[in-house]
Every structure is written in structure tokens, then in C-alpha cells.
Amino acid sequence: MSEDARRGLTVDPDAPTQYPELARLSQLVRWHIVNTVTQSKAGHIGGPMSMTDLLVALYFETLRIDPSNPHSPDRDRFVLSKGHSAIGLYSVLALRGYFPVEELATFDHGNSRLQGHPDMKLTPGVDVSTGSLGQGLSAGVGIALGAKKLGAGYRTWVMLGDGELQEGMIWEAFNSASRYRLNNLVAIVDLNGLQQFGWPAVATRDRFDRSDPWSHVDLHAILTGFGWNVLSVDGHDFGDILGAYEAAVENASTSDKPTVILARTTKGHGLSFTSGTYKWHNGVATPEQLEIARRELAIEETTL
Amino acid sequence: MSEDARRGLTVDPDAPTQYPELARLSQLVRWHIVNTVTQSKAGHIGGPMSMTDLLVALYFETLRIDPSNPHSPDRDRFVLSKGHSAIGLYSVLALRGYFPVEELATFDHGNSRLQGHPDMKLTPGVDVSTGSLGQGLSAGVGIALGAKKLGAGYRTWVMLGDGELQEGMIWEAFNSASRYRLNNLVAIVDLNGLQQFGWPAVATRDRFDRSDPWSHVDLHAILTGFGWNVLSVDGHDFGDILGAYEAAVENASTSDKPTVILARTTKGHGLSFTSGTYKWHNGVATPEQLEIARRELAIEETTL
Amino acid sequence: MRAQRDVWGDTLVEIGAVDPSIVIVDGDLANSTKADKFAAAYPDRFVEVGIAEQNMVGIAFGLTTAGFRPWLSTFGVFLTHRALDPIRMLVSQTQAPVRVAGAYSGLLNGSSGKTHQDIEDLAIMRAMPNMTVLAPVDEIETAEVTRWASQHDGPVYVRLARDAVRQVLPDDYTFKLGEVITLRPGGVIALVSTGAQSSRVYEAAEILDEIGIHARVIHVPTIKPLHVPSLMEAVDGARIVITVEEHSIIGGLGGLVSETLAERFHSPRVARMGLQDAWSESGPNDFLLDKYGLSPKRVAQLVREYLNAPEATTRQIVGGNA
Amino acid sequence: MRAQRDVWGDTLVEIGAVDPSIVIVDGDLANSTKADKFAAAYPDRFVEVGIAEQNMVGIAFGLTTAGFRPWLSTFGVFLTHRALDPIRMLVSQTQAPVRVAGAYSGLLNGSSGKTHQDIEDLAIMRAMPNMTVLAPVDEIETAEVTRWASQHDGPVYVRLARDAVRQVLPDDYTFKLGEVITLRPGGVIALVSTGAQSSRVYEAAEILDEIGIHARVIHVPTIKPLHVPSLMEAVDGARIVITVEEHSIIGGLGGLVSETLAERFHSPRVARMGLQDAWSESGPNDFLLDKYGLSPKRVAQLVREYLNAPEATTRQIVGGNA
Ligand SMILES: Cc1ncc(C[n+]2csc(CCOP(=O)(O)OP(=O)(O)O)c2C)c(N)n1
Ligand SMILES: Cc1ncc(C[n+]2csc(CCOP(=O)(O)OP(=O)(O)O)c2C)c(N)n1
Ligand SMILES: [Mg+2]
Ligand SMILES: [Mg+2]
């Protein structure tokens, strides 16, 4: 990483991190997200980038998976319920070895294994097809219930968007999971405080700022009330994230509650121009912006 | 009411009640429910009877309505979201003067204004068509929001079933109501602890007893978390009920929260053989049972 | 004469005894759909989801990933409407072996009225890729179709009536996917029906016989995929084809037959009978069948009227509110 | 050439200025559907519901009881599937003046893929009683239909494309409910299309012309209620009718035309082109149109192939997985 490439990083690159490898992987993932979407001229940016650290930690530290055997019955399952963030998942899967990183370039092209939204019939490593928001947690409940019925030890992890929580079907699933005591189920909520359009901070004037979609409710109390084990973390702090993942796993042996991790994140995290704005929910970077991304993410010219 | 007619009443008829007229109306309503369903050979019993006292109090004490002018723009609105309890609503509407009590006999017959589920296009006094569970609260949110936008003073009341709360759409509406600060909206939950089939008390053996559908969650905490003003009452105690209705109305001037009344009730309340069992969710009484109902509800032979 | 719901419930109990992959996912209606028989027999393979039809589908899908092959149990109308998006994405698009049982289909659902009367299910499910859409007529075929669907390795929708109809198929009948069945051969008028209505149409043909109109009766248990030569053979020689269904005249069996025949040269003309693109109402079965033209007597009468003046009944406006 | 979504958004801003009853109920997609233009102009009449399509419909219904006449704003696929049950009960069965805008319909929705591609909306909405179902072709008609629906006193579904197509209607065109429009007269081959696809079919006819095949082009903006004599007049003299739609060949325009023609004596034969009862995929517009046989060039080619060997392309199995 050249000195020059570091310039423009919003976070001090010399700040100590206990997880330099995960941090570097996240930078690569974020680069693939913005670069791939830009090359394919379609796709989402903000949501994939807010969940990047959560996914990197999950796929590189926590999930019991074998990329060379993506259908192993024992594998832990992952459901990207917020399926519009597919490119984030694909980037992680590629770096984890499910398919060649070069294949990312086919994203959103015709005849590709990498569809705009995850397709379990096409992409190695994708366990559940998603795209219509709100359905992934129910699928996760069924998968986890199946494990219980079979006496199988795999765990099921579901990534949800905070906008997505507005879908009623999610609440049907929250209810079922605690009823069936699915302590082998973990939901992660990517609380980036933004959705695609949402509510302006000042109702009568849209100044491109937005209110948090859940500012008027107490999600922690609600989910506790629904019988879940609720953890809150900084979704960009690997220590925090891994601590929560461990706690979720431990919870399974000490309680019969499912766990939900409320991960506070920033939409578009990791790039100065995409960070914290709903305007980059989706979008295509200009050549200049791509250059900024390259610098901010410390990407060598030779990386794709 | 003859001495004889009183025999078999589960509640001591001499027990003091501050609301003898409401209590008597409830008996009549319950009689019309069981009698009409029996004559029509179709319809629901348990749910209509659990909400009877709540509806009687609402229609005879609280709602600002004029049966001779059922479309008055200023009227308070009522939505029977648990539409399968239609016969309970029809009985109250008839006694309140919206249409002749005799018309109840046409319930569920062909060519009737009294459909199996409430139809706003047919029945005077019915504000919203329902039948598919889970939709009434969203309708109520729209009605209450409309009032706010027009600056109109009417209030909107929505009756929900506890089984019905399992529908995700209800949670979408809970969320919207507090976001839009609809303090002119009141939801009543008929918490009779039973639905049509539900979960056996002992999971592996169905002994016709049932667990409360919400026993594994804390509804009060959840709804408080969703930004609602939550009241809990005994749904068969008129003092309690009217107190809550008043509090809900007052709440509108002191807070911007919508109010939900968690009304603890007994399914099939008021009749010995229908009370507290899911088996009488729907059903048709035998001639003998109808006689018991007549006695327990202190109905003269001449009443229909 | 056994009610379709009882046959479905009993057959699943039978199958469940030998096939441990069969589970039922219920939406608080097991005692209506008769899934309660299965629940009593195999409590471990009965999943109560409560009143949450979308969630039912998601959970059923999830169970398929663990090797289970679920049947859904609730009123069909809520599956084909309330849960349509999950059925589309998690069942049809993934080709998961979820069996969607459309219980209490059509008009006859115990006086619940129009919110519960599914008169569009065939149109909706037929338009969905990857869906097998079946509508058995009597107790024999309901059992057969339940068995067939239970072992089928993909999404299936089965339209089921609540009640019983007169048996029209032989006791040793075997269901064959895609094949239509000629219940009464011969004649230049072909009455084509599906589901329980086929039995009533069979009776209508008996009534017509008495007044000298001989009609053949063709039953279409497979709405999709239809084996076209089987239909073409069955209507061969007919001068007029009349579809009769306990369903809207738009997009269902009438749509299937119209699309199929219109595609060919020299096809017989098609008239469609059924719900006239309007909602129905509450009422006893006989009332509804009579009022909406589906009882044997009324079908016979409507067929006769049509034959007397086909042009008069041909629609000028398709869709009610122009 | 203006994109349909822009025309819809701009037209509603125009109408909103004079009609205070118009509100938009959004499902977190106003910046895609272009309802954000209306939100900026009339923040008080813009109701953001977030990602909760069923709730959107319920709230819109509720607003009608206070005299408002809402348009819904989200991707059509989620309304016609996720919110179908509320649309059925609270809009169609109550005849509430809710306007369901099916935005980003068909294949072309910016590479989102099959979960977002609504190729069944016409089949689904057409089967629903009380529904008016419209599918405008170009910017002129999109504006007209948006105006028409805004003042219509009942439920309306409007199929809207995301992008622009070549204008095929005159600037002074007036939308008339139920009437079909002959874009190109004459010829014994009638190409019948709807929505934005009609424009591509018009171009296909130009290509066919070059190789000596003259085809008339008929545009059907009203899927329901169809004024049948208007269609019959338009196809009069045609020997073959080919429907082409950015929709499944089951139940949509092809279903409507088949049902209508099959009902009559001596009707021309009908071939249906469109999505072959299979899900599609992500990809750029041109890729999808080419691959799935909907680009002008491919339509021309498929028409030619069909004319050369009609029997060869006639289906033996209806529904993919027999
Ligand atoms: C059922 C459904 N409705 C609408 C959409 C369109 N949509 C895609 S992403 C999105 C916003 C999602 O917001 P959030 O869940 O917060 O995701 P994130 O912020 O992580 O991107 C919307 C409305 C969809 N995919 N599915
Ligand atoms: C969407 C939907 N699913 C299923 C049903 C069938 N159904 C009617 S009543 C009922 C049980 C309702 O239970 P609850 O809400 O607790 O009502 P109550 O106990 O007051 O009768 C069910 C499942 C329905 N009407 N709508
Ligand atoms: Mg978000
Ligand atoms: Mg209850």
C-alpha cells in the first residue's frame, strides 16, 4: 500500500486495529462493490457497504463453511434478506473462494451467475434467493426449525436491512422464531439509519437529509419483548462484531432464545462521497469518483 | 326477567353492577349472536362473544354516531378488523338502531345485507369491509391520517383479534400510526387467549386446551416500544372498559401517541358451554344448547 | 361421498406413515382444512404458524432446504393473494417442493362470502412459471392428486373444495399429469370443466340428455401443464366447446381452453361459463350454485340458452365497469 | 422521448395543482417511480409509508374515506403480489378510488432481475373484478392515462414502464377507455400489443415491411374493460392475429385476445408471443429484449418464423414442467 494511496482515507490508516486482515478484506470488498456496480452500470452501493464489515467478519471468522463444498449439509447457512445488497455478498463470496474474483465483472450482465439479487440456483455459496424485501427471516426460521427437527447442528444467520424491518412479514418471523425457541438462529440488522427514500429530517422540506426510519420507536425494547436475545454493536468495529457473534453462538447453549444483533452502521461506509447519504443507495460512480474510491480504499492500479 | 330465566346464569344476577343497562344489552347481543348463527347454520360464536362488552360500551357510551345518519362525515369511525366476528357487530348495530333487529335473521342467507364478513357497501353502520384478517388497522391508520389532513375531529376505533395480531400487516400499521402521531386512533385488542386452532397447551398432545398465542412475548412492552400509549383492562368489566375509552380520548389532548387497549377477555364469554374454549370459535348450537343459552342470558321466549 | 377436505387430510395421514419428509405448515386453520388429522397423528411434523400466511410460505421453503416436503394448510384465497409474493420468490423461482393446498376454493366455503371465495386462483397460479396447477374433481381423484403432489419434486398448487361432490371417476382411477378425462363421450357439444365443478357439469349433462341435448363432458384436472393433444383429442369433432368453472370466466380454465384452441386452425368456438367477473356473496351452497349459474340445473339451463342464441350472450364489453 | 416514470411524475404534479384530492402513498421508492416530484411540490399530500406494501394499500383505502384519491407509488410487482390481498378486499371489493401504479413493469427495470420483473401483472389484475386495467404505450398516452385515472371514480391499475419508447401516438391523442388503436392499418397479419411494447412492435412492423411482409399494428391500452367491437373492427379481415407482450404469454393480453376471439365464429387464429412461461434474469434492456424475443428485430424475426411454419411453433404442452 503506497503512502499516496492512503491519502483521503476518512479513518486514520495508522489507527490501531486488532484486525488488520479483516480491515483490509473490507477495503477490498468495498472496492469490488463500487467498481463492479460502476462497470455494470447498475446496482446498489450504500447497503452493501454498510454491511461489509459485518459480512467479512462472519464469512472469514465465524461461519463454519467450506467454499469447495457449498452444499455440505452441515454448513452454517446465511440468508441475505436485504437482497439488493447482493454485490456485497458476491464480493465476500469471491474473496472467500466460492468463485473467481474475475467473475464479479459479470454482475448484472445477461447470462450471468451473479444476478441483481441473490439466486440460490445460480451462485455457489448463496443459500436462499432474495430480492423482494422482508422474506429472508421467515426462510431463516424454516431453515433453523428444520435443523431442530433433524437434530442438525448448523446455525442460520440472516442479514436484514433497517428499512426492510418495515415489512410485516419480518414481524411474523420474529414472532415465530421465539415461539419455536430457535436459539440456532441469528438475525443481524444493518442499522444504517437510511433506506432508499425514507422520511426527510424535516417533514415539509426535503433537503437530502433523512430521519432514521426507527427513530420514533425503541427497537431494543420491542425485540426483547418479542422474546429475542438482543445485542447492540458498532457494525464497523470488528472487536464489537466478533464479540456479538461469539455471544450469539454461546447464547445457543445457555438460552432457548434466538439472537438479534442490532448493528449500528453508516450507509455507504468507507468512501467519503457515499458515506451517510441515502443518495448513494444505488448509483454509478463517475471516473473521478472511482479514482477517489481507489485512493480511499488503498487499491493498487493492478487490482482489477 | 322471570326468576326461572335466571337459573343457570354463570355470573350471579344479583351481583352489583354499576352498568345494568349495558350488562343487559350485552346479554341481548350474546343471545342474538348464538341464536342467529344457529338459525343461519353458519358463523362465528367465540370471537363475537368475547368482544361483546367492549362493543356495547363503545357503541352505547363512547362513539359519537347517529344511526339515522350513518354516513355523516363527522361521525367516529369503527373498524372491525377481526371481521369474522361480524354477527357481534351486526347485533350491536341493530340494537343501536342502524337497522331492524329482525334483519339479523337474514345473516349469511343469500341476497342479504348482512354478509358473513362486514361489507361497508351493504350494511348501514359498517365503515370498512373486512374478513381477511390483519388489514383493518392499516385502514384505520389511513382514516385517522385523513382526519388529520382535513383537520376533522372524528376518532377512529379499530377492534383486533389476538390471533389476528400474528399478521405482519398489523405491525406495519402499528409502526405507521406512531410515526404519524395518530392520537386520534384507538386500537382495541380482544385478548381472549384463543384463535381458531392455535397451539395446544402441551405441544405433543392435543387435549383441546390451548396456550395463549402471545404467552411467549410481552405485548405491553412491544407496543410501548412501538410508540403507542398502552392500556390494559378487563374486557368484561364495564367500569374498566369505559375508563380506558375515556383515557384514550383524553390521551389525544395530552399526547401525540395512538392508544392501544389490551382487553383481557374470555372467548365465548357469557355462556357456560362456549366460554373459554377454542372449539366454539365457530359452530352451531343444538336445540338443547340454545335452550341453555336462553336461560343463561335471561331471554324471554318472546325475544325472537 | 366424502368431503374433499377429509380426503386430503386422511390421505396425508396415510402418506405421512411411510414418508417422513411430509410436514404440514398450518395457518391456524387445521380444524377447517382437516390438517388436524395429520397434527394428531404426527405432532412433530405439524408446524403451526398462526395467522401469518406469508411467514407460512417462508417457513415451508426453509424446511425444504432441510429435506422436508411441506404442504401448506389454510384457506387457498389467502395463499394465492396474501402470500403470493413469497410463493413467487421462495417457491416458484427456487422450484422448492412446497405444496400449496388451496383449501375452501371457489364459492362454497361455508357462507364466508366474497373475501374468502377464491374465484381467481387458477388465473393467478396459472400465470406463475414453474407452477403445477391441479384441480381434482371427486374423492377418488383428490386422494390421487394428494398422493401425486406429495411425491412431486417441485412447486404444486392444488385447488381443493371444502365439501363433497358425487363421484364421477372409477375407484381404480390413476391420475396422469396433463391428461384430460372424458367423463361422457360423444356429441358435438363439449362441456369442459375442472375441480369439483366437473361433477356438477356431469349431472348437468344428464339433465340436458333428458331434453334431448347430448353433451360430452371433459374434465381437466391439470390446469398446468396441460397435455394439449389430450385436450384436442377430447374435443375432436365437437362444434362448440363450453367451459364451466367455479371461478371467474377470466384467465382460468376458460382462459386455458381459449388460448389453446385459438392457437389452432378450425377450432370449435369456445363459450365460457362461471363467475361473470363479479364478486359473489355469503349464502348456503345451493343458493350460491343456483344464483351464480353453477348448479347442475342452472348449467343445463345456461347451456341450452346459449345454444339457442349464441350471439346474444357473446360479450360486447369484457370487464364490468366500462 | 421521455421516460414513462418521468411523464407519470410530471403529470401528477400538474394534476395536483388543480385537484387537491390527489395524494401519493409511497413505499420507499419515490425517487425511482418519480413520485418525488410530487413530494417536492406537495409535501402535505405525499404519504411515505416505507417498505410495507400491504400497509400502503390499507392507508390509501383509509384516505379515500376522507375524500382523497390516492396513487400508490412502488414497483408494480410488489403491489400485484405482496399487496394483492389488500387490493382485493379494500380496493376492488369496496370499489375505492385507489390508483395502483405498476411502476417498472415487465422486464426492463434496471437489471434487478426476476424478483422485480412483473410479467404476470396483467393476468393477475385482469382476473380481479371491478378493476380497470390500463397499459399506455408512449409518453403521450402515459400522460393521458394518468389524467384519466386520476379522475376515475373506482379502482384502476396502470402498467407503467420505467424507460422511454419511441412515440407512436399523435400529440393531440385522447385516451378513450376500452378502445383499441390501430397504429398501422391494413394487411392480413395483425400484430396486437399493449403498453410500451406496442411501440417496439410498431418498429417490428417497419422491419417486416422491408422484407415484404405487411402487418397491421393494433395497440390495446385498455386491458379491461375492453370494448370488443373496437377490437373486432381492428382485426377485421386479418387472417392471423399475433399478440406480443412484455408479459407472460399466459393470461395477459394474449389471454384477453384469445378469450375474445375464441368466443366468436370464424375468428382468425391467434398466436401469442411474450415471455414463454419462464422467469427471466438481470441484464441491460437491449440484452433482455433480444434474448426474450421482444426487441423490434426479434419480434420481426419471430413473426416471420411463425408465418413460415405456424404448426411447428404451436405448443404441445402448456406450462413448462410436464
Ligand atoms: C418488497 C420490496 N419492496 C421494495 C423494494 C425496493 N427496495 C430495494 S432496497 C430498498 C430500501 C432498503 O432499505 P434498507 O432495508 O434500509 O437497506 P439498506 O439501507 O441496507 O440498503 C427498497 C425500498 C424491494 N426490493 N422489495
Ligand atoms: C388472512 C386470514 N387468515 C385466516 C383467516 C381465517 N380465520 C378467521 S378467524 C381466525 C382466528 C382468529 O383468531 P382471533 O384473531 O384471536 O379472533 P377471535 O379469537 O377473537 O375469534 C382465522 C384463522 C382469515 N379470516 N383471514
Ligand atoms: Mg438501511
Ligand atoms: Mg382470539
Side-chain angles (χ1 to χ4, degrees), chain B residues 70-81 83 115 117-123 126-154 156 158 160 167-180 182 184-185, chain D residues 16 19-28 42-72 74 78-79 81-99 128-130 153-155:
Chain B
H71 291 288
S72 158
D74 298 333
R75 75 190 187 283
D76 286 343
R77 310 298 204 269
F78 175 75
V79 185
L80 183 65
S81 191
Q115 293 289 300
H117 293 84
D119 188 328
M120 62 188 275
K121 304 298 260 192
L122 290 177
T123 313
V126 170
D127 289 323
V128 175
S129 297
T130 51
S132 174
L133 290 166
Q135 302 191 26
L137 191 59
S138 290
V141 167
I143 297 170
L145 187 62
K148 290 274 181 197
K149 292 210 176 289
L150 296 176
Y154 61 82
T156 304
V158 181
L160 302 162
E167 280 290 352
M169 189 177 170
I170 293 285
W171 298 92
E172 299 178 356
F174 274 134
N175 185 23
S176 290
S178 58
R179 167 169 290 281
Y180 282 107
L182 301 178
N184 54 351
L185 176 68
Chain D
D19 183 347
S21 74
I22 302 292
V23 296
I24 293 187
V25 176
D26 181 49
D28 194 31
Y42 317 108
D44 284 351
R45 284 188 276 144
F46 177 80
V47 179
E48 182 58 71
V49 171
I51 310 169
E53 291 79 9
Q54 301 193 74
N55 195 31
M56 283 173 68
V57 175
I59 290 177
F61 161 82
L63 287 167
T64 66
T65 69
F68 293 103
R69 303 153 74 88
W71 277 92
L72 301 176
T74 177
F78 301 124
L79 291 169
H81 292 82
R82 200 57 159 277
L84 190 61
D85 200 34
I87 289 176
R88 183 181 196 261
M89 185 176 82
L90 289 176
V91 180
S92 156
Q93 295 189 343
T94 69
Q95 297 188 267
V98 172
R99 297 111 171 102
M128 193 179 280
N130 295 345
D153 202 30

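What you are looking at is a predicted structure, and each value in this text was computed from that prediction instead of being measured. In what follows, every chain begins at residue 1, and chains take the letters A, B, ... in the order their sequences are listed.
- Taking non-hydrogen atoms and a 4.5 Å limit, the residue list of residues 73-80 of chain B in contact with chain D, ordered by number, reads B/R77.
- Side chains of B/Q135 and D/Q54 form no contact here, defined as non-hydrogen atoms less than 4.5 Å apart.
- To the nearest 0.5 Å, atom CZ of residue D/R88 and atom OG of residue B/S132 are 8.5 Å apart.
- Counting only distance, with no hydrogens or angles, the side chain of B/K149 and the backbone of D/D44 share a donor-acceptor pair below 3.5 Å.
- Here the closest heavy-atom approach between residue B/S129 and residue D/L90 is recorded as O-CD2, 3.6 Å.
- With a threshold of 4.5 angstrom between heavy atoms, D/V23 does not approach chain B through any atom at all.
- Most heavy-atom pairs under 4.5 Å with chain B, from the set D/V47, D/I59, D/I51: that is D/I59.
- Looking at D/N55, its side chain never comes within 3.5 Å of a backbone N or O of B/M169 through a donor-acceptor pair.
- When all heavy atoms of B/K121 and D/T94 are compared, the pair lying nearest together is NZ-O, 3.1 Å.
- For a residue to count as touching a neighbouring chain, one of its non-hydrogen atoms must lie under 4.5 Å from one of that chain's; by this rule D/Q93 touches chain B with the backbone only.
- Put simply, CG on B/L150 and CZ on D/F68 are 4.5 Å apart, with the number rounded to the nearest 0.5 Å.
- When the candidates B/G146, B/A139, B/A152 are compared by the number of heavy-atom contacts under 4.5 Å with chain D, B/A139 comes out ahead.
- The two residues B/S176 and D/V49 make their nearest non-hydrogen contact at OG-CG1, 4.2 Å.
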